[in-house]
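Each remark here refers to the structure printed beneath this line.
Model, not experiment: these values are computed from the prediction. Every chain is numbered from 1 and lettered A, B, ... according to where its sequence line falls, protein lines coming before strand lines.
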2 protein chains.
Amino acid sequence: MREDTRSRIQEIALRRFTEQGYEATSLREIAEELGVTKAALYYHFKTKDDIVASLVEQRLSELEELLAWVRSRPKTARTRREFVERYAAGVRATRHHGIAHFLERNQTALRDHPTLIEIRERLMELASEFTEPGASATQRVSHSLALFALHSGKWLMNEDELSEEEIHQATVEVALRLLET
Amino acid sequence: MREDTRSRIQEIALRRFTEQGYEATSLREIAEELGVTKAALYYHFKTKDDIVASLVEQRLSELEELLAWVRSRPKTARTRREFVERYAAGVRATRHHGIAHFLERNQTALRDHPTLIEIRERLMELASEFTEPGASATQRVSHSLALFALHSGKWLMNEDELSEEEIHQATVEVALRLLET
DNA sequence: GTCTATACTCCGATAGAC
DNA sequence: GTCTATCGGAGTATAGAC
């Protein structure tokens, strides 16, 4: 009843790319953990980059959905809160959190990846969705920072002091305040 | 009247490490840009890691100075503002901005680097320097995010819309508000 | 779908001449 | 202080048997 090999490759790759970085993770390592040889991976993915592509596309479509949702709503305080909660939930969900985290940590290595460039554009659009045309520089910075705040819990904070749940609630709170500026 | 070779290596390495990532930058590239061979680099630095070490140690001592300064002051609103401005200036100054930026972008690649671990500890200490013992989770997250805000201008924001000076002022403002929470 | 075997390239690093 | 030459290893990727 185990998953198919393709999914297991994605899973292992995502974890190692996140922990060690994309370039520092070799296909040999991934194959070894999976219990096959390097060559076997090439049956499932054309190249190393193809593994990345399969991961980041999931994230892109998630962001596109969220953007469409935001645009379909009135720009009220209630929408803001619901948006922040949805975004935070997406970052947190086991499936997508991993991908978001991987992206944060590998911006340099993947800086020319076409899908990543699209993801960045969508994030910018999301950040400015609650910004009025005549907004001040301070407001623009605040709003951009709000999205980042939702990712920040996992590595800005020392997990010894606060529980995961506390951190989650706190980042949502901080993000909302930044958006309300 | 040009600088000595050692400084030029640091300068080229810093730029390329920041733009492309540490692992993606080879010594051959650095040597080529400098106009020498790889082997020549080894006269100036024992290993590739040694180049990194020479860079990050500058940043560590800068943070240590700042931490000592903060601790020598009363925890007043005036100190807060002066601290934020000093920190922002340090991030901004051509010399150190590059190093800070390099560190942000290579956290994964350098995650086991002893000096980087120290730098992270100092940053945590700085962030918590304005946090009362009984502070809420929201306050802790805000304060951690404040330091990050001072770095954020360069890559969260689209430089087309706002001037560098406007972004600088805005990040200082946002950081102060986060610290005052 | 997975294997062995291998091609080819690049890496960081060293030895030793100049 | 810089060079040429080279080492050993690891990387991605492919060919072809099973």
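A:Glu132 CD: 12 or fewer foreign heavy atoms inside a 6.0 Å radius.
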Base versus backbone protein contacts along nucleotides 11-18 of chain D [heavy-atom cut-off under 4.0 Å; B, S, -] | SBBBB---
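The distance from atom OH of B:Tyr43 to atom C1' of D:dT4 is 19 Å, rounded to the nearest whole Å. Atom pair B:Asp50:CG and C:dG12:P shows a separation of 14 Å (rounding to whole Å applied). Residue A:Arg6 contributes atom CZ, which lies 13 Å from atom P of C:dT2 at whole-angstrom precision. As a whole-Å value, the separation of B:Ile30 CD1 from C:dC10 P is 17 Å.
For the pair A:Lys75 and A:Glu129, the minimum side-chain heavy-atom distance is below 4.5 Å.
Residues A:Ser128 and A:Thr131 bring no donor and acceptor atom of their side chains to less than 3.5 Å of each other. Side-chain contact of B:His101 with B:Thr18: a donor-acceptor pair under 3.5 Å is absent, judged by distance alone. With hydrogens and angles left out, the side-chain atoms of B:Gln10 and B:Ser54 include a donor and acceptor closer than 3.5 Å.
A sub-4.0 Å separation between OP1 or OP2 of D:dG1 and a side-chain N or O of B:Thr5 is absent. Contact annotation: A:Thr37 side-chain N/O to C:dA5 OP1/OP2 distance is not under 4.0 Å.
In this structure, A:Phe83 and A:Phe130 have tilted ring planes: the angle between them lies in the 30° to 60° band.
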